[in-house]
Amino acid sequence: MGHPFHLVEYSPWPLLNSFAVLCMPTGLVYYIRTGDLMLMTAGTLMVSFISYLWWRDVVRESTFQGHHSSYVVSGLKAGFILFIVSEVCFFVSFFWAYFHSSLAPTLEIGSVWPPVGISTLSAFQVPLLNTSVLLLSGVSVTWTHHSLESGNKTSALQGLFLTLALGFYFLWLQYGEYSETSFSIADSVYGSAFFVATGFHGMHVMVGASFLTVCFIRLLTLHFDSNHHLGFLAAAWYWHFVDVVWLFLYVSIYWWGS
């Protein structure tokens, strides 16, 4: 490439994926209203399939065609950092809503926090275990990063496998916690804030786990080396972001808010 710009072929995937993503929340609302899962299922399948095709094209562009020069890598890093900043703003809105309601509880919820009738979860049971699991996964993904930089593929695979196992274990624990709560998303502002904030965090853990799963497959097929592993680096940054958000959720909602 004779220029420092990231110029790629025309791609249909961003436009198609936006319509597929639109089907998911629309389908969720339709399911809540009618009990019909068809639209939400179709949206989920389309997003999965289009994401696979999109990732395939990016892998070809970076690994096989050699279009990701040092200038392009710098631009991609800056773009991903801006994406994480937008995600920070996304979660700030949830914390803002939570503290707005908890620091000055209104008469409608009994002028106390948690609201009258809400039996909160103990911060030192499953939530504390979840915190330990997610922090340990942050350690293992850092282990993977250092193994990649030192050229130790076996160690990198072990660290990444452990990270994925801990991530999916976190989601399983979160599902069990949701099954045991004595309140629902419809129970006062506490229920809404709790399930929206922790639910979106769980969704981000799922997205991060999908990123790392793709990285695991690419690592198995020798797509990464000690100098070129931007795909993994972006996924690791995202995973650390998810860890930090959970720490704020644990301290504010589970510990302080209870």
Side-chain angles (χ1 to χ4, degrees), residues 1-18 20-21 44-84 87 134 136-171 203-243:
M1 294 174 65
H3 56 77
F5 305 109
H6 187 203
L7 300 178
V8 296
E9 299 292 334
Y10 288 113
S11 174
W13 310 133
L15 180 62
L16 293 177
N17 215 25
S18 64
V21 169
T44 304
L45 292 175
M46 285 191 295
V47 167
S48 302
F49 182 63
I50 294 171
S51 296
Y52 164 76
L53 295 174
W54 199 348
W55 264 320
R56 179 204 62 183
D57 289 354
V58 173
V59 168
R60 284 176 178 172
E61 171 191 308
S62 62
T63 306
F64 303 116
Q65 295 176 334
H67 289 170
H68 286 191
S69 65
S70 59
Y71 292 102
V72 172
V73 167
S74 298
L76 291 173
K77 286 181 178 179
F80 198 81
I81 289 171
L82 289 175
F83 167 67
I84 291 179
E87 292 284 86
L134 212 53
L136 186 57
S137 73
V139 173
S140 60
V141 81
T142 303
W143 161 23
T144 304
H145 187 199
H146 286 292
S147 298
L148 263 179
E149 290 187 327
S150 63
N152 191 338
K153 178 192 170 187
T154 302
S155 179
L157 284 171
Q158 291 172 345
L160 193 50
F161 179 80
L162 179 59
T163 303
L164 286 170
L166 290 169
F168 287 118
Y169 182 48
F170 173 90
L171 291 172
M203 186 181 298
H204 282 70
V205 173
M206 292 176 63
V207 171
S210 70
F211 289 169
L212 292 175
T213 300
V214 172
C215 290
F216 186 82
I217 296 170
R218 294 188 66 191
L219 189 56
L220 279 173
T221 52
L222 305 177
H223 286 186
F224 297 139
D225 60 30
S226 58
N227 295 318
H228 296 280
H229 49 265
L230 177 62
F232 169 78
L233 187 61
W237 286 352
Y238 190 84
W239 196 255
H240 288 307
F241 159 74
V242 168
D243 286 352

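Everything numeric here is computed off the predicted structure, so don't read it as measured data. Heavy atoms only: backbone and side chains are in, while hydrogens, waters and symmetry mates are out.
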(request) Taking atom types as modelled, find out whether Ser137 and Trp239 have a side-chain donor-acceptor pair closer than 3.5 angstrom. (result) yes
(request) Drop me the distance from Leu166's CG to Leu171's CG, to the nearest 0.5 angstrom. (result) 11.5 Å
(message) If you define the side chain from C-beta out and look only at heavy atoms, does anything of Thr63 sit under 4.5 Å from Phe224?
(response) no
(request) State, to 0.1 Å, how close Asp243 and Gly138 come at their nearest heavy-atom pair, and which atoms those are. (result) OD2-CA, 3.2 Å
Check residues 225-236 and write down every donor-acceptor pair under 3.5 Å in which the side-chain atom is one partner and the other belongs to a residue at least two apart or another chain.
{"residue": "Asp225", "atom": "OD1", "partner": "Asn227", "partner atom": "N", "Å": "2.9"}
{"residue": "Asp225", "atom": "OD1", "partner": "His228", "partner atom": "N", "Å": "2.6"}
{"residue": "His229", "atom": "ND1", "partner": "Asp225", "partner atom": "O", "Å": "2.9"}

(request) Taking the side chain as every heavy atom from C-beta outward, state whether Ile81 and Trp237 have any atom pair closer than 4.5 Å. (result) yes
(message) So which atom in Thr163 and which in Ser140 form the shortest heavy-atom distance, rounded to 0.1 Å?
(response) OG1-OG, 2.6 Å
(message) Do Trp54 and Pro14 have side chains that approach each other closer than 4.5 Å (heavy atoms only, starting at C-beta)?
(response) yes
(message) Within the structure provided, determine whether Leu219 and Leu148 are in side-chain contact (heavy-atom separation under 4.5 Å).
(response) yes
(message) The test is side chain to side chain contact (heavy atoms under 4.5 Å, CB included); show your working for Val73 and Ser70 and say whether it passes.
(response) CA-CA 5 Å; Val73 167; Ser70 59; 5.6 Å; no
(message) So, using side-chain contact (heavy atoms from CB on, under 4.5 Å) as the criterion, who are the partners of Thr154 when residues are at least two apart?
(response) Asn152, Gln158
(request) Might you point out which heavy atoms bring Thr144 and Gly159 nearest each other, and give the distance in Å? (result) OG1-C, 3.0 Å
(message) Minimum heavy-atom separation for Gly167 and Val205, please, with both atom names.
(response) O-CG1, 4.0 Å
(message) For Ser18, give me all partners under side-chain hydrogen bond (donor to acceptor under 3.5 Å, both in side chains), at least two apart in sequence or on another chain.
(response) none
(request) Apply side chain to side chain contact (heavy atoms under 4.5 Å, CB included) to the pair Val139 and Trp143, showing each step before the final yes or no. (result) CA-CA 6 Å; Val139 173; Trp143 161 23; 5.6 Å; no
(request) State which residues pass side-chain contact (heavy atoms from CB on, under 4.5 Å) with Ser51; sequence neighbours excluded, sorted by chain then number. (result) Asn17, Val47, Trp55
(message) I'd like to check Leu16 versus Met46 (side-chain heavy atoms, cut-off strictly below 4.5 Å). Are they in contact?
(response) no
(message) Test of understanding: with side-chain contact (heavy atoms from CB on, under 4.5 Å), list the residues that count as partners of Phe83, not counting sequence neighbours.
(response) Phe80, Ser86, Glu87, Tyr238
(message) Return the CZ to OG1 distance between Phe161 and Thr213, rounded to the nearest 0.5 Å.
(response) 10.5 Å
(request) Please identify each residue that fulfils side-chain contact (heavy atoms from CB on, under 4.5 Å) with Tyr52, with sequence neighbours left out. (result) none
(message) With rounding to the nearest 0.5 angstrom, report the CZ to NE2 distance, Phe64 to His223.
(response) 3.5 Å
(message) Between Arg60 and Asp57, does the side chain to side chain contact (heavy atoms under 4.5 Å, CB included) criterion hold? Intermediate values first, please.
(response) CA-CA 5 Å; Arg60 284 176 178 172; Asp57 289 354; 4.0 Å; yes
(message) Please report the interatomic distance NE2(His240) to CG(Leu134), rounded to the nearest 0.5 Å.
(response) 11.0 Å
(message) Within the supplied structure, the quantity of interest is the number of heavy atoms (other residues, nucleotides, ligands) at a distance under 6.0 Å from Phe241 CZ; does it exceed 12?
(response) yes
(message) Just verifying a value: how many Å separate Leu160 CG and Ser155 OG, rounded to the nearest 0.5 Å?
(response) 11.0 Å
(request) Using a 4.5 Å cut-off on heavy atoms from C-beta on, say whether the side chain of Ser11 contacts that of Glu61. (result) no
